[in-house]
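First the structure, in the form of structure tokens, and then the observations on it.
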Amino acid sequence: MSQPTTAITPTRAQDFPEWYQQVVRAADLAENSEVRGCMVIKPWGYGLWENIQRQLDAKFKATGHVNAYFPLLIPLSYLEKEAQHAEGFATECAVVTHHRLEARKQADGTTKMIPTGELAEPFVIRPTSETIIGAAFARWVESYRDLPLLINQWANVMRWEMRPRLFLRTAEFLWQEGHTAHETAEEAMEETRTMHRVYADFLRHHLAIPAIPGEKTERERFPGAVNTFTVEAMVQDRKAIQAGTSHFLGQNFAKASNIQFLGRDNQRQFAWTTSWGVSTRLIGTLIMAHGDDDGVIVPPRVAPHQIVILPVTPKPDTRQEVIDACEALAQTLRAQVFFGEPLRVHVDKRDLQGGAKNWEWIKKGVPLRVEMGPRDITSRSVAVSRRDLGPKAKEIMGKEEFIRNATDLLEDIQEKLLERATALRDEHTKRLDTLDEFKAFFGADDDEKGAPGGGFALMHWAGTSEDEEKLAKDFKTTIRCIPHGDEYAEEGACFLTGKASRRRVVFARSY
RNA sequence: CGGGGCGUAGCUCAGCCUGGUAGAGCGCUUGCUUUGGGAGCAAGAAGUCGUGAGUUCGAAUCUCGCCGCCCCGACCA
């Protein structure tokens, strides 16, 4: 039977959203569960998350944070403490109202479980933990000597989404949420910026995604925040995706939760707080940023297996010899260090057809595939395939040479992915000055690739939230961020209102 | 929650219009052959046709209710 030329159908150009779903499935990353909006994260997907988690966690520790854990259930009354916050999350909260079940036999012999024991005060399954952590902070903070308080938690949260998509928007998702309290506004702002930098750095150097750091407009801010910093990435259908956020909360939550301390001046005052987070959405971002028509491409630094060794065993009598040689090679490689961690090498010994096995790892996006068979053992060579090149690309090299170059190869793949993603972003980022140009940029649906038109439009902006709302309605386009960086600072006139502007903002369609 | 579509084997779907004993491909199991590449042949396992009622001698097929899913809108990390 003839195979399609690509492992994934449809291709990205044919139908990007469908391609995404097929990749998630083909790469065995996750699947939909029987509970609507909730996903089962399968080992390959969870392996990615574990690496993201471990590497980010190290960065959090390095910036002075410690981990803790707070309850899943939040008293309903807590959510009522901060008006904007409550309003922002009201429409997507799961509520726990009962604490027991009663088994009732039905006429047909089956048993139905009926919730009983109604709670006096219902609980909300955390959509985020500002309120309950705020309550803890209020107990823990008494003096300026207790500050700063730098806490992070790795947890699951639940937001009852109307239209779930694996990794990108699920009802339950995994994330980390940092929560900090500070003595002064300046310190809290510095913390917000620091974590913002940590995210941008992580995206760039670990996930090979060149995100644009910036601030959100009032309309796009976290409910209850004074300011929200974001890292906005472009994925291959040219849409923007918010990959991480860092919020300066001012004293809003401190006042709501009564986080007060006695200052150096012997005055009782409210603390300044921040919060910041990234979620399993990063995995969706990674898939859409780097994947190709043969599946996902995993950046080496976060790959669960960085190298997969495929024993080629054409004859049963040499099979064991080949497998032993592969294991030996794996051991040698595992002794090496790549970006501060031991190389993650897997030998796929399954008794499967060689081609099928190879394609499986292509779809999963393993950075390096190494084939070794009886002939290679004789000639002391291996056949190496890089995932960032085509599926047929294969280089025969000496085994010793490969061992020497393995980490360099991985590093090169990591770099190439970043280069490729940067080129995509730059190619579809345009400085535009008029409404007509703006319309043309986002109006050109269905170009030759079938992708929606547009990309990142850098526009001068001095409009109001209402103006923003209107553009969102008319063009499905929003201000993704007011980017930091000198290259965006220039004098000009708002493309909508004509008012003076000193900085360009990023407009895009988004996830 | 509005507008459209769909529920049949693990997956993708045909069969429904025109009612008459449940089908295909892929996947799975076993055997043989093959093996530097997503294999071939043969045999086999697997479905109370989403669910409840109605019409009928007879319902996957017709009618109504309910449930669920997908797509398009409103919401979002």
Side-chain angles (χ1 to χ4, degrees), chain A residues 1-9 15 17-18 21-22 25-26 31-37 87-93 108 126-128 155-165 167-177 199 216 219-223 228 230-233 240-247 275-285 294-295 310-319 322 351-363 369-379 381-383 385 391-392 394 396 469 472-473 476 478 480 510-511:
Chain A
M1 183 177 153
S2 76
Q3 292 292 329
T5 47
T6 59
I8 306 296
T9 36
D15 184 347
E18 181 61 23
Q21 291 195 326
Q22 293 305 326
R25 183 143 74 123
E31 62 186 28
N32 279 309
S33 81
E34 38 282 273
V35 183
R36 184 187 145 78
E87 204 180 312
F89 287 105
T91 57
E92 46 187 359
C93 285
D108 61 6
R126 62 182 164 218
T128 178
N156 57 340
V157 287
M158 180 157 258
R159 298 179 187 176
W160 210 264
E161 295 295 343
M162 290 312 192
R163 292 184 53 199
R165 285 182 70 187
F167 292 117
L168 297 174
R169 202 188 299 112
T170 47
E172 182 191 11
F173 56 94
L174 306 182
W175 78 344
Q176 64 57 223
E177 44 182 326
Y199 288 151
K216 286 293 187 188
R219 184 177 169 278
E220 298 275 330
R221 249 173 234 154
F222 177 73
T228 288
T230 178
V231 278
E232 294 286 326
I241 184 162
Q242 178 174 310
T245 50
S246 180
H247 314 291
S275 69
W276 29 274
V278 298
S279 71
T280 36
R281 177 180 247 201
L282 283 178
I283 296 173
T285 306
D294 292 318
L310 300 157
V312 180
T313 55
K315 296 192 179 60
D317 54 319
T318 52
R319 186 181 149 81
V322 170
D351 188 16
L352 279 183
Q353 194 84 16
K357 219 193 261 191
N358 198 27
W359 275 102
E360 192 181 304
W361 292 113
I362 291 172
K363 288 186 277 193
R369 305 187 304 282
V370 178
E371 299 166 23
M372 189 157 70
R375 295 211 297 267
D376 304 300
I377 292 177
T378 312
S379 61
S381 62
V382 290
S385 304
K392 300 273 190 262
K394 188 192 285 193
I396 312 287
E469 186 71 40
K473 256 213 165 90
K476 294 179 195 163
T478 50
R480 299 320 303 157
S510 71
Y511 278 95

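What's counted below: heavy atoms across the whole structure, side chains too, no hydrogens, waters or symmetry copies. So you know, we letter chains A, B, ... as the sequences are listed, proteins then strands, and number each from 1.
Within the 4.0 angstrom heavy-atom criterion, no nucleotide atom of any strand lies near A/Gly277. Using a 4.0 Å heavy-atom criterion, one finds that A/Lys476 contacts the sugar-phosphate atoms exclusively. A/Asn32 comes within 4.0 angstrom of nothing in the nucleic acid, heavy atoms only. Counting non-hydrogen atoms under 4.0 angstrom, A/Thr170 reaches a base of the nucleic acid. Among the atoms of the strands shown, base atoms are found under 4.0 Å from some heavy atom of A/Ser279. Among the heavy atoms of the strands lying under 4.0 Å from A/Gln353 is at least one base atom, whether or not backbone atoms are also near.
Remark: A/Lys363 NZ to A/Ile8 CD1 distance equals 6.5 Å, nearest 0.5 Å. Going from atom NZ of A/Lys216 over to atom CD of A/Glu232 covers 3.5 Å, rounded to the nearest 0.5 Å. Taking OG1 of A/Thr91 as the reference point, atom CH2 of A/Trp160 lies at 13.0 Å (rounded to 0.5 Å). Atom CZ of residue A/Phe222 and atom CH2 of residue A/Trp276 lie 13.5 Å apart, to the nearest 0.5 angstrom.
For A/Pro314, the listed nucleotide lying nearest its side chain is B/U35; candidates were B/A77, B/U35, B/C72. Among B/C76, B/C11, B/A74, the nucleotide with an atom closest to any side-chain atom of A/Arg25 is B/C11. You'll find that the side chain of A/Glu92 is closest to B/C76, out of B/C76, B/A74, B/G36.
Rounded to a whole angstrom, the distance from the P atom of B/U51 to that of B/G19 is 23 Å. With both ends at atom C1', the span from B/A24 to B/U30 equals 22 Å, rounded to whole Å. B/C71 and B/A59 have their C1' atoms separated by 30 Å, with the value rounded to a whole Å. Between B/U8 and B/A43, the distance separating the two C1' atoms is 25 Å to the nearest Å.
Under the Watson-Crick or G-U wobble criterion, with both distances below 3.5 Å, B/U34 has no partner in any strand shown. The pairing partner recorded for B/G7 is B/C67, the criterion being a Watson-Crick or G-U wobble arrangement whose two distances lie under 3.5 angstrom. The nucleotide B/G2 finds its pairing partner in B/C72, both defining distances of the Watson-Crick or G-U wobble pair being shorter than 3.5 Å. Across all strands shown, B/A60 forms no Watson-Crick or G-U wobble pair with both key distances under 3.5 Å. Nucleotide B/U55 is matched to nothing when pairs are restricted to Watson-Crick or G-U wobble geometry with both distances under 3.5 angstrom. Applying the Watson-Crick and G-U wobble criteria (two distances, each under 3.5 Å), B/U29 pairs with B/A43. Of the nucleotides present, none pairs with B/A22 by Watson-Crick or G-U wobble criteria with both distances under 3.5 Å.
Checked for salt-bridge contact, A/Arg480 and A/Glu220 meet the test: a charged N lies under 4.0 Å from a carboxylate O.
One can place CZ of A/Arg369 at 14 Å from P of B/G38, the figure rounded to the nearest angstrom. Going from atom CD of A/Glu18 over to atom C1' of B/U12 covers 11 Å, rounded to whole Å. In this structure, the CG atom of A/Asp15 is 13 Å from the C1' atom of B/C70, given to the nearest Å. The distance between atom CD of A/Glu360 and atom P of B/G27, rounded to the nearest whole Å, is 14 Å. Rounded to an integer number of Å, the gap from A/Asp317 CG to B/U35 P is 13 Å.
Under the side chain to side chain contact (heavy atoms under 4.5 Å, CB included) rule, A/Pro391 has a single partner from A/Asn358, A/Thr6, A/Asp294, which is A/Asp294.
Side-chain contact check for A/His247 and A/Thr228: at least one donor-acceptor pair (N or O, by modelled atom type) lies under 3.5 Å.
Of the two residues contacting RNA chain B, namely A/Glu172 and A/Pro311, the nearest-nucleotide position lying further toward the 5' end is that of A/Pro311. Residue whose closest nucleotide on RNA chain B sits further toward the 5' end, between A/Arg159 and A/Lys357: A/Lys357.
The ring of A/Phe173 lies on top of the base of B/A77, close enough and flat enough: under 5.5 Å between centres, under 30° between planes.
For B/G36, neither phosphate oxygen OP1 nor OP2 lies less than 4.0 angstrom from any side-chain nitrogen or oxygen of A/Lys315.
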